[in-house]
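A short worksheet on the structure shown next.
Please read all numbers here as calculations on a predicted model, not as lab measurements.
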Amino acid sequence: MGLRSNFVALLLLFLLLVSNSKAQSSGAVFDVTSFGAKPDADITGALVSAWKEGCASITPSKVLIPKGSYGLSQSNLKGPCKSSIELQIEGTLQAPSDPKGDGLLILEYVDRLTVSGMGVLDGQGKEGWEKNDCHLKKICTKLPMNLKLNFITNSIVKDITSLDSKNYHINLLGCKNLTFDHVTITAPGDSPNTDGIHVSSSEEINILNTNIATGDDCISVGDTNKQIVISDVTCGPGHGISIGSLGKYSKEKEVVGVTVKKCKLTSTTNGVRIKTWPDSVGTFPASDMHFEDIEMVNVSNPVIIDQEYCPWNQCNRKVPSKIKISKVSFKNIRGTSATPVAVKIVCSKSNPCEEVEVADIDLTYSGSEGPIKSQCANVKPVISGKQNPPICGEPAPLDGPSTD
């Protein structure tokens with residue numbers, strides 16, 4: 001009887017494990033309302049509790065924020081998790097109006113993460129924008145961002161909306177193999193320092209099929225990045241799609257492999273741009289950067305390399321940038337310029353740009369400030385195809401004003 005009892009007990013245990021395994025393989029769902037979250041109330045504690053349980057699951061899990069409006073203070077959701085995990089946001093997460101903290105939603109050290117849903121991260125930015133003086137001072141108060149992704153790998157962010165962030169909408173640090181798909185980013189054109197997506201110290205980042213309207217760069221690719229692809233992005237209002245600014249800080253490293261293609265920019269202050277600081281602290285290369293099949297609609301500076309980037313006179317323009325720019329191409333860029341200088345390539349006097357290719361540029365200007373033109377300094381580009389305006393038709397004025 002002892003052997004038989006043991007056999008029956010083992011069989012029951014096996015059946016129980018199989019049953020649990022089947023249940024778990026379908027994906028356990030951790031709904032924040034099961035952890036005490038209620039509409040129109042702060043759900044920070046409930047979200048953290050749901051995340052901890054989902055993150056501890058040995059099988060794929062989902063943390064669900066259902067439809068409704070919820071308050072959220074700074075929320076740090078950390079890994080590593082024991083399996084893949086999805087954060088599905090269907091409701092609106094509303095930041096406090098008080099501009100404090102690092103971010104509304106911070107995700108760190110997670111592998112195989114999915115952030116999904118038709119929900120909204122509402123930063124309630126207006127009160128923060130009124131306190132933003134970073135465009136006037138080197139030392140200033142840092143305002144919270146809507147979404148910070150730190151050291152996220154093999155992951156995707158899709159379908160969500162970022163609204164009125166007090167600072168950058170989405171910030172990446174130390175991420176690898178991360179894709180954004182069908183993300184919407186919205187803020188007024190006069191909201192300061194509200195970059196749509198800022199990428200730093202990351203690799204293999206894809207930003208696809210995304211709509212961005214904001215008050216600063218739609219996308220900014222900062223230092224220490226490799227293999228960034230930006231495709232099918234609409235931008236406007238905003239300051240365009242930028243690589244940089246580069247060279248302001250000593251610990252910055254090279255930028256290699258940035259592709260921007262099939263994008264449309266409307267009424268932006270810049271189009272596609274590379275910008276480095278003069279008198280740069282850092283010394284490193286920026287190379288293999290390509291802009292192709294871009295449509296411009298009433299864009300003030302459609303094509304620009306600016307190695308004298310010095311907004312609000314926070315640097316010494318007389319000392320050339322040490323950043324070496326090479327292997328850059330601008331191809332099939334068409335549309336309308338809001339200013340007569342449609343193409344401006346101003347490189348460093350001490351480190352001239354090399355291997356710059358300009359092909360099939362077709363831009364028009366209908367304003368009253370003279371004919372459309374291009375300006376160049378410290379560069380000898382390879383030119384082919386259509387040239388409207390003629391490329392490097394005149395030297396660029398040195399020490400001119402930088403665009404933000």
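- P278 pairs with exactly one of K322, R317, K318, K349 by the side chain to side chain contact (heavy atoms under 4.5 Å, CB included) rule, that one being R317.
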Stepwise, does the side-chain contact (heavy atoms from CB on, under 4.5 Å) test hold for I305 with C347?
CA-CA 7 Å; I305 295 178; C347 297; 4.3 Å; yes

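- Each of V379, T276, N378, N351 was scored for a side chain to side chain contact (heavy atoms under 4.5 Å, CB included) with I325, with one residue passing: T276.
- Using modelled atom types, one side-chain atom of W129 and one backbone atom of S165 make a donor-acceptor pair closer than 3.5 Å.
- When atom types are taken as modelled, the side chain of S84 and the backbone of P60 share no donor-acceptor pair closer than 3.5 angstrom.
- No donor-acceptor pair closer than 3.5 Å links the side chain of D360 to the backbone N or O of K331.
- Annotation: the span from N177 atom CG to S155 atom OG amounts to 8.0 Å, rounded to 0.5 Å.
- Between V183 and I170, some side-chain heavy-atom pair lies under the 4.5 Å cut-off.
- Closest approach of G370 to P340, counting heavy atoms only: O-CB, 4.3 Å.
- Results of the side chain to side chain contact (heavy atoms under 4.5 Å, CB included) test with T268 over I212, V299, T214 single out V299 as the only residue that passes.
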Report task. List the steps and the verdict of side-chain contact (heavy atoms from CB on, under 4.5 Å) for D181 and N206. Result -> CA-CA 8 Å; D181 192 16; N206 302 293; over 6 Å; no

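- Taking all atoms of both residues into account, the shortest heavy-atom contact from S61 to G54 is OG-O, 2.8 Å.
- When the options K324, K327, K380 are evaluated for a salt bridge (Lys or Arg N to Asp or Glu O under 4.0 Å) with E354, the one that passes is K324.
- The side chain to side chain donor-acceptor pair (under 3.5 Å) analysis of residues 102-112, with sequence neighbours excluded, yields the pairs E108-N150, D111-T153, D111-N154.
- Partners of E295 under the side chain to side chain contact (heavy atoms under 4.5 Å, CB included) rule, at least two apart in sequence or in another chain, are K264, V297, R334.
- Between C392 and C376, a gap of under 2.5 Å is found separating the two SG atoms.
- For the atom pair CD1 (I228) and CD1 (I243), the distance works out to 9.5 Å, reported to the nearest 0.5 Å.
- A donor-acceptor pair under 3.5 Å is absent between the side-chain atoms of S69 and the main chain of D40, judged by distance alone.
- Residue pairs that meet the salt bridge (Lys or Arg N to Asp or Glu O under 4.0 Å) test with at least one member in residues 209-233, sequence neighbours left out, are D217-R273, D217-K275, D232-K262.
- The side-chain heavy atoms of T194 and H169, taken from C-beta on, include a pair separated by under 4.5 Å.
- Contact check for M145 versus Y168: side-chain heavy atoms found under the 4.5 Å cut-off.
- For V48, the side chain to side chain contact (heavy atoms under 4.5 Å, CB included) partners two or more places apart in sequence, or in a different chain, are K52, S75, L77.
- Side-chain atoms of S337 come within 3.5 Å of backbone N or O of T339 as a donor-acceptor pair.
- T364 places a side-chain heavy atom less than 4.5 Å from the side chain of N388.
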Starting from the C-alpha separation in whole Å, work towards a yes-or-no answer on side-chain contact (heavy atoms from CB on, under 4.5 Å) for I205 and V221. CA-CA 10 Å; I205 306 300; V221 178; over 6 Å; no

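- The heavy-atom pair separating C218 from G238 by the smallest distance is SG-CA, 4.4 Å.
- The side-chain heavy atoms of V63 and I85, taken from C-beta on, include a pair separated by under 4.5 Å.
- At a threshold of 4.5 Å between non-hydrogen side-chain atoms, the residues I185 and F180 do not count as touching.
- Nearest heavy atoms, T210 versus L208: OG1-O, 2.8 Å.
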Quiz prompt | Evaluation steps, side-chain contact (heavy atoms from CB on, under 4.5 Å), between Q88 and T114 | solution = CA-CA 8 Å; Q88 182 177 341; T114 298; over 6 Å; no

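- To the nearest 0.5 Å, the span separating CD on E357 from CD on E292 amounts to 9.5 Å.
- Under the 4.5 Å side-chain criterion, counting only non-hydrogen atoms from C-beta, N270 is not in contact with D306.
- For S97, the side chain to side chain donor-acceptor pair (under 3.5 Å) test picks out no residue, with sequence neighbours left out.
- The structure places OG of S116 at 9.0 Å from CG of L64, a figure rounded to the nearest 0.5 Å.
- Applying the salt bridge (Lys or Arg N to Asp or Glu O under 4.0 Å) definition to pairs two or more places apart or across chains, none involves residues 152-165.
- Applying the side chain to side chain donor-acceptor pair (under 3.5 Å) test to residues at least two apart or on different chains, the pairs with a partner in residues 196-205 are H198-S220.
- Atom CG in L173 sits 10.5 Å away from atom CD1 in I152 (nearest 0.5 Å).
- Between I241 and I294, the closest side-chain pair of non-hydrogen atoms is not below 4.5 Å.
- Annotation: side chain to side chain contact (heavy atoms under 4.5 Å, CB included) contacts of N298 (sequence neighbours excluded): S267, T336, A338.
- In this structure, CD1 on I89 lies 5.5 Å from CG on L105, to the nearest 0.5 angstrom.
- Side-chain contact annotation: N211 with T234, donor-acceptor N/O pair under 3.5 Å present.
- Put simply, the side chain of T44 gets close to the backbone of S73: a donor and an acceptor are under 3.5 Å apart.
- Of the possible donor and acceptor atoms, one in the side chain of S348 sits under 3.5 Å from a partner among the backbone N and O of S321.
- Every residue two or more places apart in sequence or in another chain that forms a ring pair (Phe, Tyr, Trp, His ring centres under 6.0 Å) with W277 is listed here: Y309.
- Residues that satisfy the ring pair (Phe, Tyr, Trp, His ring centres under 6.0 Å) test with Y70, not counting sequence neighbours, are absent from this structure.
- Under the 3.5 Å distance criterion, the side-chain polar atoms of E252 are matched with a main-chain donor or acceptor of G247.
- A search for side chain to side chain contact (heavy atoms under 4.5 Å, CB included) contacts involving I383 returns P381, Q387, I391, not counting sequence neighbours.
- Of all the heavy atoms in P144 and G103, the pair that sits closest is CB-N, 3.8 Å.
- Applying the salt bridge (Lys or Arg N to Asp or Glu O under 4.0 Å) test to every pair with at least one member in residues 83-97, sequence neighbours left out, gives no pairs at all.
- Of the possible donor and acceptor atoms, one in the side chain of N167 sits under 3.5 Å from a partner among the backbone N and O of L143.
- Between K261 and V229, the shortest heavy-atom distance links the atoms CE-CG1, 4.4 Å.
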